[in-house]
There are 2 protein chains.
Amino acid sequence: MGVTKTEVFTTEQNRIADLAKAFAHPARVAILQYLVATKACVCGDLVDVLPLSQATVSQHLKELSRIGIIKGNVQPPRVCYCINEPVWEEARATFGDLLASFTQNTCC
Amino acid sequence: MGVTKTEVFTTEQNRIADLAKAFAHPARVAILQYLVATKACVCGDLVDVLPLSQATVSQHLKELSRIGIIKGNVQPPRVCYCINEPVWEEARATFGDLLASFTQNTCC
DNA sequence: ATTAATCATCGCAATATTGCGATTAACCAA
DNA sequence: TTGGTTAATCGCAATATTGCGATGATTAAT
């Protein structure tokens with residue numbers, strides 16, 4: 001019904017899914033790549049860089065903030081965003097472990 | 001409008017987003033974890049393992065197949081699935097590189 | 001106080017996703 | 001041929017996501 005049955009999965013599985021959502025849209029990938037490249041807090045630039053409206057960019061930033069992989073600090077009238085290092089590290093460790101956990105199929 | 005503007009992003013960004021979608025739902029995470037753990041082709045077991053209906057599981061398997069991260073080989077009346085190693089390796093390299101590309105913020 | 005700049009939020013529309021029951025298709029065995 | 005088994009697909013319903021224009025809120029500057 002368009003509603004994910006989160007309660008029947010483990011906390012870990014739900015967290016992995018949430019972290020993956022940060023990368024599951026090209027606009028969010030572009031945002032994260034830009035923040036990684038600048039290595040610093042970015043203010044209004046993102047709207048100029050992305051081929052999307054200000055409202056849409058703001059929404060993607062909100063979603064990334066919800067996941068925690070970026071953080072915004074208010075410097076009115078600007079809000080500056082940058083990579084939130086602990087969560088980025090969490091993602092690195094999580095996907096690193098998960099993707100390293102497969103070695104080789106014993107069948108086909 | 002619920003429709004991602006894929007054409008305004010790079011092929012790489014779209015591919016990253018697609019690979020991330022494989023992990024962006026707890027049911028698909030559970031499926032992949034199970035296939036990794038068994039290291040082999042799994043036939044009907046998945047429906048028994050997951051707390052979802054056969055139709056729903058089949059749909060997630062279809063999505064994972066579309067992305068290419070799993071492959072199914074038909075052994076009627078069964079269809080057996082396993083990790084598709086080249087694409088799994090692609091994901092490992094892609095997210096490995098991407099997540100390693102961030103070092104440290106020079107600001108906050 | 002007024003204006004300009006910046007960003008969040010609202011409201012809307014359209015498409016996508018998730019989920020399941022029921023059906024269909026394909027195949028094997030008896 | 002007739003069942004039985006398995007999995008894909010159909011059809012439907014409900015929620016989620018994506019996108020944008022317009023509006024609002026906030027603050028600095030004039």
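Only a predicted model underlies this, so the values are computations on that prediction, with no experimental measurement involved. The chains referred to below are lettered A, B, ... by the order of the sequence lines, with proteins before strands, and numbering in each begins at 1.
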May I ask you to say whether A:E63 pairs ionically with A:R66, meaning some side-chain N is under 4.0 Å from a carboxylate O?
-> yes

Within this structure, what is the CG-to-P distance between A:L46 and C:dA5, rounded to whole angstrom?
-> 20 Å

Main-chain N/O of A:K39 paired to B:T106 side chain as donor or acceptor, under 3.5 Å = yes

To the nearest Å, give me how far apart CD (B:Q75) and C1' (D:dT6) are.
-> 13 Å

Where the side chain of B:R78 is concerned, which of C:dC7, D:dT17, D:dA7 is the nearest nucleotide?
-> D:dA7

For A:H60 and D:dG19, is the shortest distance between a side-chain N/O and OP1 or OP2 below 4.0 Å?
-> yes

Could you say whether A:V42 or A:V3 is positioned toward the 5' end of DNA chain C, judged by the nucleotide with the nearest heavy atom to each?
-> A:V42

Atom-to-atom span, CZ of A:F23 to C1' of D:dT17 - whole angstrom = 19 Å

Closer to the 5' end of DNA chain C via nearest nucleotide, is it A:P77 or A:G2?
-> A:P77

Please report, rounded to the nearest Å, how far the C1' atom of D:dA7 is from the CG atom of B:L52.
-> 16 Å

Interatomic spacing from CD in B:Q54 to CG in B:L61 - rounded to 0.5 Å | 9.5 Å

Distance-only, no hydrogens or angles: does the B:N105 side chain make a donor-acceptor pair with backbone N or O of A:I83 under 3.5 Å?
-> yes

Rounded off to whole Å, could you give me the CG-to-P distance for the B:D45 and D:dT5 pair?
-> 16 Å

Within less than 4.0 Å of OP1 or OP2 of C:dC20, is there a side-chain N or O belonging to B:S53?
-> yes

Does B:H25 have a side-chain nitrogen or oxygen under 4.0 Å from the phosphate oxygens OP1 or OP2 of C:dG19?
-> yes

So what does B:L61 hit on the nucleic acid, given a heavy-atom distance under 4.0 Å: a base, only sugar-phosphate, or nothing?
-> nothing

Give one of base, sugar-phosphate or nothing for A:Q59, where a contact means two heavy atoms less than 4.0 Å apart.
-> base

Value rounded to 0.5 Å, distance of CZ in A:F9 from CD in B:Q33 = 10.5 Å

N/O (side chain, B:T56) to phosphate O (OP1/OP2, C:dC20) under 4.0 Å | yes

Between A:T56 and A:Q59, do the side chains contain an N or O donor and an N or O acceptor separated by less than 3.5 Å?
-> no

D:dC20 phosphate, OP1 or OP2, under 4.0 Å from B:K5 side-chain N/O = yes

Counting any heavy atom closer than 4.0 Å, what does A:T4 reach on the DNA or RNA strands: base, sugar-phosphate only, or nothing?
-> sugar-phosphate

Could you give the CG-to-C1' distance, from A:D48 to C:dA5, as a whole number of Å?
-> 13 Å

Taking OP1 and OP2 of C:dC7, is either one under 4.0 Å from a side-chain nitrogen or oxygen of A:S58?
-> no

May I ask you to evaluate whether B:K62 reaches the phosphate of D:dA7, defined as a side-chain N or O under 4.0 Å from OP1 or OP2?
-> no

Let me know the distance between CD of A:E63 and P of C:dT9, rounded to the nearest Å.
-> 13 Å

Value in whole Å for how far the P atom of C:dT23 lies from CD of B:Q54 = 14 Å

Report yes if at least one side-chain N or O of B:Y81 is closer than 4.0 Å to OP1 or OP2 of D:dA8; otherwise report no.
-> yes

For A:P76 and for A:R28, find the nucleotide of DNA chain D with the closest heavy atom, then tell me which residue's nucleotide is more 5'.
-> A:R28

Could you please name the option among D:dA8, C:dA8, D:dA22 that lies closest to any side-chain atom of B:V79?
-> D:dA8

